Every structure is written in structure tokens, then in C-alpha cells.
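Single-structure report; data block below.
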Number of protein chains: 2
Amino acid sequence: MTEKGIEEVHPVKRTTGFALAKVCKAHRGSVGGMLAEVGLHVGQEMVLIELWHCDGLRGGKLACRLGVEPPTVTKMLRRLEDSGLVERRPDPADARSFLVYLTEEGRALENPVVRLWERAEEKTLAGLDAAERRELGRLLTKVRAGLGAERN
Amino acid sequence: MTEKGIEEVHPVKRTTGFALAKVCKAHRGSVGGMLAEVGLHVGQEMVLIELWHCDGLRGGKLACRLGVEPPTVTKMLRRLEDSGLVERRPDPADARSFLVYLTEEGRALENPVVRLWERAEEKTLAGLDAAERRELGRLLTKVRAGLGAERN
DNA sequence: TGAAATTACTTAGCCGGCTAAGTAAAAGGG
DNA sequence: CCCTTTTACTTAGCCGGCTAAGTAATTTCA
């Protein structure tokens with residue numbers, strides 16, 4: 001008998017969302033591995049990216065830009081501070097807040113991180129030609145834009 | 001003066017990988033919110049999906065299918081077992097292993113989860129027309145296939 | 001056959017996420 | 001002016017991931 005059902009795949013696995021999750025996980029894994037070489041954990045580079053773009057952000061603003069909840073930022077900043085990449089200073093305008101500044105070491109990571117993201121990108125998209133890459137980028141950007149009027 | 005630099009975006013943010021991460025996070029958020037309504041945490045449904053397809057998997061096989069490390073499976077299964085969705089029985093063929101079986105409740109979640117993934121998919125891809133959705137699905141599948149000869 | 005190597009899983013502990021609940025400062029409003 | 005509400009952040013604790021280090025059973029092989 002032909003085992004007709006044996007290669008069947010669950011309906012959820014045939015969704016675009018599922019493929020998205022898998023590809024994202026792979027990409028995250030790539031970035032994570034490379035990031036470990038410069039002493040970062042995946043996700044922490046996002047904080048740095050915001051600060052490279054605009055140093056001295058308030059904690060809450062950072063959470064908002066990252067699209068993440070405040071407690072997440074609290075913990076990440078504590079670790080980044082312990083690693084000496086970031087500095088938290090009181091906000092002179094509001095005693096409840098603080099401002100986050102890069103240290104020299106934090107600033108020094110920008111180029112390595114940019115390069116490593118490029119390498120991860122290349123690794124992830126290795127199976128696509130230039131036109132396909134453009135199209136994938138366009139579609140993801142469009143989806144992102146369509147995901148409500150959310151920031152970041 | 002025109003504030004020419006003010007809308008500049010960091011190079012990393014212009015990568016496809018970055019858009020991928022954002023879209024994936026939004027999708028995960030959608031699924032997670034819906035999953036909470038049926039008492040699941042995002043990620044746990046992946047275990048169930050494997051079991052719906054093939055009940056009685058070994059722990060290690062499950063980890064492999066999920067593309068996840070064994071300790072992750074250990075903890076997830078403990079929680080799923082505590083929730084009464086899954087049952088772990090000793091493997092008669094190998095005393096180091098165990099087999100994972102769905103309970104009736106675990107089996108009952110299949111349709112709700114499938115429907116909720118469909119809703120999340122719709123929500124995520126709302127900004128794309130049918131052709132674009134097909135193309136995005138095709139490209140993600142291709143990327144996934146290109147990501148080494150990895151399983152799952 | 002019996003010691004060594006391999007395999008299968010668990011434990012401990014860290015990280016990025018989250019929610020819920022707390023604290024403390026700032027803003028409003030009578 | 002003081003009391004209430006809102007805001008900004010922290011703490012506690014859970015979850016899905018990971019790695020490193022363990023334990024116990026199976027395999028291998030001399």
C-alpha cells in the first residue's frame with residue numbers, strides 16, 4: 001500500500017506565518033551566534049541601534065522605539081550597564097525618569113554589529129537572487145507598514 | 001533649514017532581516033494573544049502540532065522536529081503535562097527515553113489552534129493582496145529551503 | 001564480558017520577552 | 001494648597017529559548 005498520508009504536513013505548517021517564524025528563527029540564530037563573538041546577546045543590539053541613532057534616550061522612549069514593554073528594557077539596560085556598554089543618568093527634567101547614554105565601548109560596537117548583520121542577511125537570503133531579495137524586502141516592509149499605524 | 005538627517009534610519013533597520021524580525025514579532029504577538037484565550041503560551045502550540053501529526057513521539061525526536069534544544073522540550077513538556085494536554089510515558093524500548101502522547105484535551109485544541117493561526121495570518125497579511133501573499137509565501141519557503149539542508 | 005564511549009534526557013542558570021503589582025514623582029483640579 | 005489621578009519605572013515571577021554540566025542507560029569493542 002502507498003502510505004499516502006505519511007508526508008502530509010499540518011495545516012498550520014503550510015501558513016506563511018509558520019514559514020515566517022522559521023526563517024526568523026534561523027536569522028535570529030545567525031545573528032545570535034555572531035553577536036556572541038562580540039559579547040552581546042541577541043536583542044541587546046537593538047538597544048544599541050536606537051542609541052547609535054539617538055544617544056541619551058529616556059527609558060520609556062527606548063521601550064517604545066523597540067516595541068517592547070518597560071520591564072524588558074529595565075532588565076536589558078541593567079545588563080548592558082553591567083557590561084559597560086551603556087550608562088543610565090538621571091533625567092534632570094523628571095526625577096522618575098532617566099536618560100540612557102552609550103559608553104565609548106558601546107559606541108565602538110556599531111561597525112562590528114552592522115557588518116555582522118550584513119553577514120547574517122547574506123547567509124539567510126543565500127537562496128534568493130537579487131530580484132527575489134528586493135521583492136521579499138518590499139513585501140515584508142509592506143506587511144510591516146500594514147500592521148496598524150504602529151511606530152518602529 | 002531642512003533637517004535632512006532627522007529621518008535617517010540606521011543601516012541595520014534597512015535590512016530584510018530587520019523587517020523579518022519585526023513582522024515575525026507582530027505575528028507572534030497576534031498568535032500569542034489568541035492562544036492565551038485557549039490557555040496556551042505561544043510556542044507550546046508547536047509541540048501540539050507535532051503530536052497532532054504524529055502522536056507518541058520520543059522527547060528527542062520532538063526537539064529535533066521543533067528545531068529546538070532538548071532542555072527546552074523538557075521544560076515545555078513539564079508545563080504541558082501540568083496543564084493536562086500531554087502525557088509522558090516511558091519508552092518500552094529504551095529506559096533513557098519517553099514517549100509523548102496527547103490527552104483528550106490536547107487533541108481537542110487542534111481545531112481552535114488551526115482557526116486562530118488562520119486569523120493571525122489574515123491579520124498579519126492584511127496589507128497584501130492575493131498575489132503578494134502567494135509571492136511572500138513562496139519566497140519565505142524558498143529561503144527556508146535554502147537555509148542549509150535542515151529538517152523541519 | 002566488562003570497561004569506555006555514546007546517547008537521551010534533566011538540572012541549573014542565563015537572556016529576551018511578557019503581565020501584574022508595586023513605588024514614587026509629576027500633573028491636575030477643586 | 002492639598003488630594004487625586006496619571007505617569008515612569010522597578011520588582012517579582014512566568015514562559016520560550018539557549019548553553020554547560022550533570023546522570024543514567026545503551027552501545028561498542030577490545
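Just so we're on the same page: letters track the sequence lines, and every chain starts at 1. Remember, it's a predicted structure, so these values are computed and weren't measured experimentally.
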Write down the distance between [atom1] ([X]) and [atom2] ([N]), rounded to a whole number of angstrom.
X       : N      : atom1 : atom2 : answer
A/Met76 : C/dC15 : CE    : P     : 11 Å
A/Glu81 : D/dC9  : CD    : P     : 14 Å
A/Glu69 : D/dA8  : CD    : P     : 14 Å
B/Leu35 : D/dG16 : CG    : P     : 10 Å
A/Arg28 : D/dC18 : CZ    : C1'   : 10 Å
B/Leu77 : C/dC9  : CG    : P     : 10 Å
A/Arg78 : D/dA12 : CZ    : C1'   : 12 Å
A/Asp91 : D/dT10 : CG    : P     : 13 Å

Taking only side-chain nitrogens and oxygens of [X], does any of them come within less than 4.0 Å of OP1 or OP2 of [N]?
X       : N      : answer
B/Gln44 : D/dG16 : yes
A/Arg88 : D/dT10 : yes
B/Ser97 : C/dA8  : no

Where the side chain of A/Thr72 is concerned, which of C/dT19, C/dG17, D/dT19 is the nearest nucleotide?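 Of C/dT19, C/dG17, D/dT19, C/dG17 is nearest to the side chain of A/Thr72.
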
Among C/dC15, C/dT10, C/dG13, the one nearest B/Lys75 by side-chain distance: C/dG13

Scan A/Val73 against the nucleic acid and name what it touches under 4.0 Å (heavy atoms): base, sugar-phosphate only, or nothing. nothing

Taking NZ, NE, NH1 and NH2 as the nitrogens, is one of them in B/Asp55 or B/Arg107 under 4.0 Å from a carboxylate oxygen of the other? yes

Salt bridge or not between A/Glu118 and A/Arg115? Use side-chain N to carboxylate O under 4.0 Å.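 The answer is no: the pair does not qualify as a salt bridge.
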
Record whether the side chain of A/Arg96 comes under 3.5 Å of the base of D/dT7 through a donor-acceptor pair of N or O atoms. yes

Is it true that atom NZ of B/Lys142 has more than 12 heavy atoms of other residues, nucleotides or ligands lying nearer than 6.0 Å? yes

